[in-house]
Amino acid sequence: MTTLHINITRLLRELHHLATLTDCPPTTDATLPTPTTAVTRIVFTPRDLEARAYIKSLAESAGFTVRTDAIGNTFLRFPGSDPTLPAIGTGSHTDAIPHAGMYDGTVGVLGGLEAMRSLKESGFQPHRSIETLIFTSEEPTRFGIGCIGSRLLGGVIDPATADALPDRLPEADPQAPTGLTLHDVRTAAGFTGSLSTVPLPPNYYHAWVELHIEQGPLLEREGISLGIVTNIAAPASYRYEITGFGGHAGALLMPDRRDALCAAAELILSVERHTLAANAASGTADSVATVGTVAVHPGAVNSVPSRVTLMLDIRDTDVTRRDTIMAALHADIRAIETRRHITITEQQINADIPAVSDPHIVATLEAICQSDSVSYKKMVSRAYHDSSFIARVAPIAMLFIPCRAGVSHRPDEYSTPESIALGTRILALTLSKLANE
Ligand code: HGY
Ligand code: MN
Ligand code: MN
């Protein structure tokens with residue numbers, strides 16, 4: 001389809017407007033290469049609702065239909081000539097973790113919308129309907145688990161369990177729940193239906209392709225234009241409560257201490273040690289683990305920490321290897337408890353399986369890249385995505401564009417207009433091919 005024209009000026013204008021819908025003041029973080037505006041857009045906050053309304057208005061102006069489900073997943077639809085057929089899906093998320101960039105997720109949503117618009121403007125009429133989705137709550141920031149909207153669509157989380165998830169706004173202590181639940185927050189934001197209506201019916205999608213920035217350095221480092229994702233690493237996350245015995249920083253002598261933060265430090269280093277060992281044993285870099293939040297109680301300079309709460313995020317393309325790391329950590333936890341006379345409790349938040357891309361969709365993406373003389377490489381996604389859970393109910397694949405120095409989840413996250421335009425073009429050609437098969 002040589003007549004296809006991606007209106008990159010329009011797409012960039014919309015991406016930049018969306019970035020202004022942020023709860024983050026302009027960043028003056030001196031460590032960043034260029035002072036830039038960071039994006040904070042937490043699910044179900046006024047900013048999130050503004051972003052949804054903005055994109056829905058763009059879709060309606062383009063003549064697409066819009067519907068929203070009970071959790072707020074939003075479906076922008078380009079009706080096909082046979083709307084009864086299983087559709088073709090694309091899309092991503094517009095929520096953003098605190099102090100993040102403007103391209104994570106949004107390129108997949110606005111790029112999907114632009115792909116549909118440019119196809120329509122080229123006179124293309126799909127046989128199968130094409131949909132661009134805005135998923136609710138891809139980031140784990142507020143409710144502790146990622147991809148709630150796509151987990152519900154894929155039947156991966158029980159609706160009642162989702163509704164009962166505790167709300168933890170990051171402005172407060174990240175571990176401290178607000179006392180509200182997801183049900184309270186979503187209904188206050190206007191999403192009042194029953195979550196049991198969210199799961200997709202069988203064969204809702206014929207095929208699914210998500211466009212996303214790589215969030216890693218490989219494409220840019222190797223000078224390759226696009227990544228075709230063959231599988232998505234499996235995320236797991238855990239919450240640990242470490243309880244010791246507090247006291248006065250001056251009067252409580254070292255032999256008498258049961259310092260919860262020192263115990264936490266041992267646990268964190270144990271995570272790193274066993275993950276590095278797993279990579280050394282496998283000869284890969286496929287095991288990754290992060291402790292990204294630590295809350296210390298009472299959190300006073302002259303008080304021995306009595307309680308620490310921390311979150312572990314651990315991922316691997318191989319679930320058995322991930323479980324082996326966890327088993328080694330559990331052994332260390334027992335030893336730390338005994339030696340330090342403290343207690344450590346573990347709560348598993350999620351432990352997912354890897355997603356595997358559909359060979360036919362991968363081949364379709366490859367053929368289109370080849371016919372368009374676009375360089376590409378097949379690769380693993382280290383980040384998880386909503387496609388990880390749509391994969392439970394539809395054949396999926398993902399298309400990556402390079403991002404500068406692989407930076408993501410930071411205000412200086414960046415992808416060039418050329419990459420965004422090319423990714424959107426290949427997405428549009430792929431959607432049109434899949435829609436007419
Ligand atoms: O954490 C992730 O992989 C995704 O960016 N939420
Ligand atoms: Mn993200
Ligand atoms: Mn993302």
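These numbers come from the heavy atoms of this one structure, side chains and all, not from hydrogens, waters or symmetry mates. Just so you know, ligand 1 is whichever comes first in the structure, and atom 1 is the first atom listed for that ligand.
When distances to the Mn ion (ligand 3) are checked against a cut-off of 2.8 Å, Asp104 contributes an N, O or S atom below that limit. In summary, an N, O or S atom of His212 is located under 2.8 Å from the Mn ion (ligand 3). The Mn ion (ligand 2) has no N, O or S atom of His93 closer than 2.8 Å. Here Glu138 does not reach the Mn ion (ligand 2): none of its N/O/S atoms is less than 2.8 Å from the metal.
With respect to the salt-bridge test (charged N to carboxylate O, under 4.0 angstrom), the residues Arg117 and Glu14 qualify. Here Asp318 does not pair with Arg322 in a salt bridge; the nearest charged N to carboxylate O distance is not below 4.0 Å. Between Arg334 and Asp332 there is no salt bridge, since no side-chain nitrogen of the basic residue lies less than 4.0 Å from a carboxylate oxygen of the acidic one. Between Asp23 and Arg47 there is a salt bridge, with a side-chain nitrogen of the basic residue lying less than 4.0 Å from a carboxylate oxygen of the acidic one.
Of all N, O or S atoms in His409, the one lying closest to the Mn ion (ligand 2) is NE2. Sorting the N, O or S atoms of Glu139 by how far they are from the Mn ion (ligand 2) puts OE2 first.
Using a 4.0 Å cut-off to heavy atoms of His409, the atoms of ligand 1 that qualify are 5 (O). Here is the list of ligand 1 atoms found below 4.0 Å of a heavy atom in Ala383: 3 (O).
Crowding of Asn203 atom CG: a count of heavy atoms from other residues, nucleotides or ligands under 6.0 Å not exceeding 12.
Within the 4.5 Å cutoff, the side chain of Asp104 has heavy atoms near those of the Glu139 side chain.
When Arg382, Glu139, Arg315, His385 are checked for heavy-atom proximity to atom 2 (C) of ligand 1, Arg315 turns out nearest.
A distance below 6.0 Å separates the ring centres of Phe135 and Trp208.
In terms of protein heavy-atom proximity, atom 4 (C) of ligand 1 is closest to Glu138 OE2, 3.4 Å.
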